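To keep things clear, I will list the structure first and then write my remarks on it.
The structure presented is a predicted model; accordingly, all values stated were derived computationally and were not measured.
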Amino acid sequence: MDLNSISRIWRTAAATVCVAALAACSSSTVDEPDDGRMPLTFKVSAADSRAAATKSTFETEGCAFNVWGLFYNPSDVTGTFPVFDARTVTFSSGSWSYDNEEYWMPGFTYEFRALYPAVLPQGATVVYTTGSGADSHIAVNGFTARGTDLMSASDRRMVFADGSTQPAVDLKFRHLLSRVTFRGRSDDRYLGSDGKPDADARKVKVKSFRVSGISDSGSWDGTTFSADGSSLGGWTHGERTAVYTATIGAEGLQLGNEPVDIFGDEVILAIPQNFTALRIEIVYEFTEGSLGEQTATSTLAGTWLPGKSYSYNFALNTHIFFDIPVVEDWTTAPVNINDLNIDLPR
């Protein structure tokens, strides 16, 4: 049977199908066809939501990703047949759904690629390359990193025989950007034994915090992206840089002896990159004594890798120092960086 004949019996115009919700599978809500074919369904494993800019998860109503997919004869990969071409899969009323239900064909190998979110920032485009089956991949061009938690997934499934039960396609999404946070605390000498500023101690408030020199646009090539996370593809970034300013009220951000996220929920999601002159500017205020408002500046050098979360911790002391970045959520990455030493008033 040729692929054109397969496509005619394989495609079915049906109502939207409900598929497995996050981390759990549920049965289809539509009747299976008389010939016993199994509906093609999805379940989704979201990456750790701590890396999402909005701290949202995939269970949010209206959350959606796009999926691309094809199938081919494993003994003859020269011919491939597309199944999904940027089809949108949406979470609604407790389940995932997509329009025009598709069905597995026995004996064929399937390849899937997915991208979150379904709607990318203005100017970004996606290119899907079919290759020869397993070589299929997607790429994102002209992406601007401004709060969009770009993620991708891939998976492979095969139906071996008629009547076999095929599990839902388990798409494991992985973060393609780098998550960066800055966490500050006051030096203990400015605090009382209970961790709060004493009445006669110098209280420290951050008035503003700016990071500049981060390349915020680029393109991602998913040729080497792998489902097990051993490779998250490759990034190229442009020459343009951006300034990230923390949202701090007029009253300032009081520091204690426990680190405080300077950017709060507005974490920096950056294009993975090497940098040599990342500039940090902190305006802070001593609310007791005569020192008043002060400004400290310095630069950072280092590397941000895709799928990593970097936490830069600093303390306001007689100098500002930055610890080695902590990489969390995924595999620890080796990072070498010197402390930032900035003289402050004594």
Could you give the distance from CG (Asn100) to CZ (Phe84), rounded to the nearest 0.5 Å? 9.5 Å
Using salt bridge (Lys or Arg N to Asp or Glu O under 4.0 Å), reason through Arg87 and Glu102 one step at a time and then give a plain yes or no. CA-CA 11 Å; Arg87 187 85 63 91; Glu102 308 287 0; 2.5 Å; yes
CG/Asp135 to OG1/Thr223 distance, rounded to the nearest 0.5 angstrom? 9.5 Å
Validation row: Ser212, Arg279 side chains within 4.5 angstrom (heavy atoms): yes
In short, Leu171 meets Ala114 closest at the heavy-atom pair CD1-CB, 3.9 Å
Arg174 side chain to Leu232 backbone, donor-acceptor under 3.5 Å: no
Please work out whether the ring planes of Phe108 and Phe71 are parallel, tilted or perpendicular, with thresholds of 30° and 60°. perpendicular
Min side-chain heavy-atom separation Leu120-Val140 under 4.5 Å: yes
Minimum side-chain heavy-atom gap Leu115-Leu150 below 4.5 Å: yes
Which pair of heavy atoms, one from Gly142 and one from Ser219, lies closest together, and at what distance? N-OG, 3.2 Å
First locate atom CD of Glu266, then atom OG1 of Thr181, and finally report the distance between them rounded to the nearest 0.5 Å. 13.5 Å
If you look at every heavy atom in Lys172 and Ala153, which pair is closest and at what distance? O-CB, 3.4 Å
Heavy atoms from other residues, nucleotides or ligands near CZ of Arg210 exceed 12 (cutoff 6.0 Å): no
Any sub-3.5 Å donor-acceptor pair from Thr130's side-chain atoms to Ser136's backbone N or O? no
Measure up the Phe112 and Tyr110 rings against each other and bin them: parallel (under 30°), tilted (30 to 60°), perpendicular (over 60°). parallel
Indicate yes or no: at least one non-hydrogen side-chain atom of Glu111 is less than 4.5 angstrom from one of Tyr72. yes
Path from Tyr310 to Phe275 over hydrophobic side-chain contacts below 4.5 Å: yes
Between Lys207 and Ala250, is there a donor-acceptor pair closer than 3.5 Å when you use the side chain of the first and the backbone of the second? yes
Taking the side chain from Asp261 and the backbone from Phe263, do they hold a donor-acceptor pair closer than 3.5 Å? no
Are Val260 and Ile280 in one and the same hydrophobic cluster, where Ile, Leu, Val, Met, Phe, Trp and Tyr link if side-chain heavy atoms are under 4.5 Å apart? yes
Would you name the heavy atoms of Ala270 and Ile214 that are closest together and state the gap between them? CB-CG2, 4.1 Å
If I take atom CD1 from residue Ile271 and atom CH2 from residue Trp304, how far apart are they, to the nearest 0.5 angstrom? 11.0 Å
Which distance, rounded to the nearest 0.5 Å, do you find between the CG of Asp221 and the NE2 of His137? 5.0 Å
If I compare all heavy atoms of Ile138 with all of Tyr128, which pair ends up nearest, and what's the gap? CG2-CD1, 3.5 Å
Checking the side chain of Tyr244 only, and the main-chain atoms of Phe209 only, is there a donor and an acceptor separated by less than 3.5 Å? no
Is it true that Glu61 and Ser92 share a donor-acceptor pair across their side chains at a distance under 3.5 Å? yes
Between Glu285 and Gln294 (side chain of the first, backbone of the second, donor and acceptor by atom type, cut-off under 3.5 Å), is there such a pair? no
Counting N and O atoms only, with roles assigned by atom type, does the side chain of Asn141 sit under 3.5 Å from a partner on the main chain of Thr125, one being a donor and the other an acceptor? no
Ignoring hydrogens and angles, tell me if any N or O in the side chain of Ser226 forms a donor-acceptor pair with the backbone of Ser231 under 3.5 Å. yes
In terms of hydrophobic clusters joined by side-chain contacts under 4.5 Å, are Val211 and Val283 together? no
Nearest heavy-atom contact between Ala227 and Ser154 is CB-O, 3.2 Å
Does any N or O in the side chain of Trp68 come within less than 3.5 Å of the main-chain N or O of Pro82, such that one atom is a donor and the other an acceptor? no
Same apolar cluster (I L V M F W Y, side chains within < 4.5 Å links), Ile268/Leu305: yes
With a 4.0 Å cut-off on N to O distance, would you call Arg240 and Asp216 a salt bridge? yes
Could you tell me if Arg113 sits above the aromatic ring of Phe225, with its cationic atom closer than 6.0 Å to the ring centre and no more than 45 degrees from the axis? no
Hey, are the side chains of Thr90 and Thr88 touching, using non-hydrogen atoms and a 4.5 Å cut-off? yes
Atom CG in Asp149, atom CG in Leu177: separation rounded to 0.5 Å? 6.5 Å
Keeping Lys205 on the side-chain end and Glu251 on the backbone end, is there a donor-acceptor pair under 3.5 Å? yes
Hydrophobic clustering (ILVMFWY, side-chain heavy atoms < 4.5 Å, transitive) - are Val126 and Phe143 grouped together? yes
